[in-house]
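Notes follow once the structure below has been shown.
Values reported hereafter were calculated over all heavy atoms of this structure, with side chains retained and with hydrogens, waters and symmetry mates removed. By convention here, the first residue in the shown sequence is residue 1.
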Amino acid sequence: MQSPARTLAIETASEACSVALFDGTRLVAHDHRVLGRGHAEALVPMIGALPERGQAERICVSLGPGSFTGVRIGIATARALGFAWGSEVLGYPTLALVAVRAWQPDPGPVTVCMNGGHGEWFVQNFDNDKSTGGVRSLTPEAATQADVHQVIVGNRARDLAALLGDDRLALDLLPDARHVRLLHESRLTDRLSPIYGRAPDATPQASARNPIP
């Protein structure tokens with residue numbers, strides 16, 4: 001992410017809840033907590049504890065896929081703060097945020113594997129933070145038949161690597177708002193529709209059916 005704007009980042013799509021405040025690309029402050037549940041109660045106080053109560057010219061919020069409830073809480077909070085502050089509000093794909101952490105300092109292809117609920121995993125391939133295929137919600141068995149890179153990241157990475165039974169590198173990573181600054185500007189969108197990644201729990205809007213590249 002390359003921008004001179006003061007930016008608040010919000011990440012609520014997984015069991016982790018995190019916020020970060022940037023001045024340009026410089027991290028001013030952040031808070032990252034693995035809650036499991038309770039994002040709705042924790043998020044606003046976490047933002048309020050940031051310098052200047054987190055107020056920023058721009059807000060970046062996770063669009064998922066991930067926890068339906070978590071994603072909606074994050075987007076609703078970002079919209080409300082954007083309205084109150086007159087700030088620009090942009091969304092980003094959660095799996096891209098996980099992917100971009102994995103190639104520091106050397107870029108390379110990675111497979112992101114995250115918990116998708118109902119016993120399935122969200123699986124998506126990336127080259128740096130740019131997807132090279134759509135998000136798939138797969139059973140663990142089906143995930144072993146998918147095209148999986150040598151490096152796997154995410155909170156189900158070790159499980160997938162164990163099922164594959166080979167020498168792939170697995171990194172147990174959760175999305176963290178402080179890494180939003182690593183995302184390329186092209187990963188950000190003003191379409192704040194959740195990326196669900198699977199059905200039938202919710203019916204996505206037309207603009208959310210196609211994952212952001």
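Evaluation of the side-chain contact (heavy atoms from CB on, under 4.5 Å) rule for Ala56 yields Arg6, Leu8, Leu21 as partners, not counting sequence neighbours. Partners of Thr12 by side chain to side chain donor-acceptor pair (under 3.5 Å), not counting sequence neighbours: none found. Under the rule for a side-chain contact (heavy atoms from CB on, under 4.5 Å), the partners of Asp31 that lie at least two apart in sequence or sit in another chain are Val19, Arg33, Met46.
Side-chain contact between Phe126 and Ser131: present, with at least one pair of heavy atoms (C-beta onward) separated by less than 4.5 Å. Here the side chains of Trp121 and Asp159 are in contact, with some heavy-atom distance below 4.5 Å. Between Thr77 and Ile47 the shortest side-chain heavy-atom distance falls below 4.5 Å. Proximity of Ile59 to Trp85: side-chain heavy atoms (C-beta onward) are separated by under 4.5 Å at one or more points. Using a 4.5 Å heavy-atom cutoff, the side chains of Tyr92 and Ser62 are in contact. Side-chain contact between Leu188 and Arg58 is present, with at least one heavy-atom pair separated by less than 4.5 Å. Taking 4.5 Å as the limit, every side-chain heavy atom of Met114 sits out of range of all side-chain heavy atoms of Arg156.
In the model, Asn115 has no side-chain atom that pairs as donor or acceptor with a side-chain atom of Glu15 under 3.5 Å. Defined by atom type and a distance below 3.5 Å, a donor-acceptor pair is missing between the side-chain atoms of Ser18 and Glu11.
Although no hydrogens or angles enter the test, the distance criterion places a donor-acceptor pair under 3.5 Å between the side chain of His39 and the main chain of Ala16.
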Side chain to side chain contact (heavy atoms under 4.5 Å, CB included) between Ile73 and Glu41, worked out: CA-CA 10 Å; Ile73 289 167; Glu41 294 77 16; over 6 Å; no
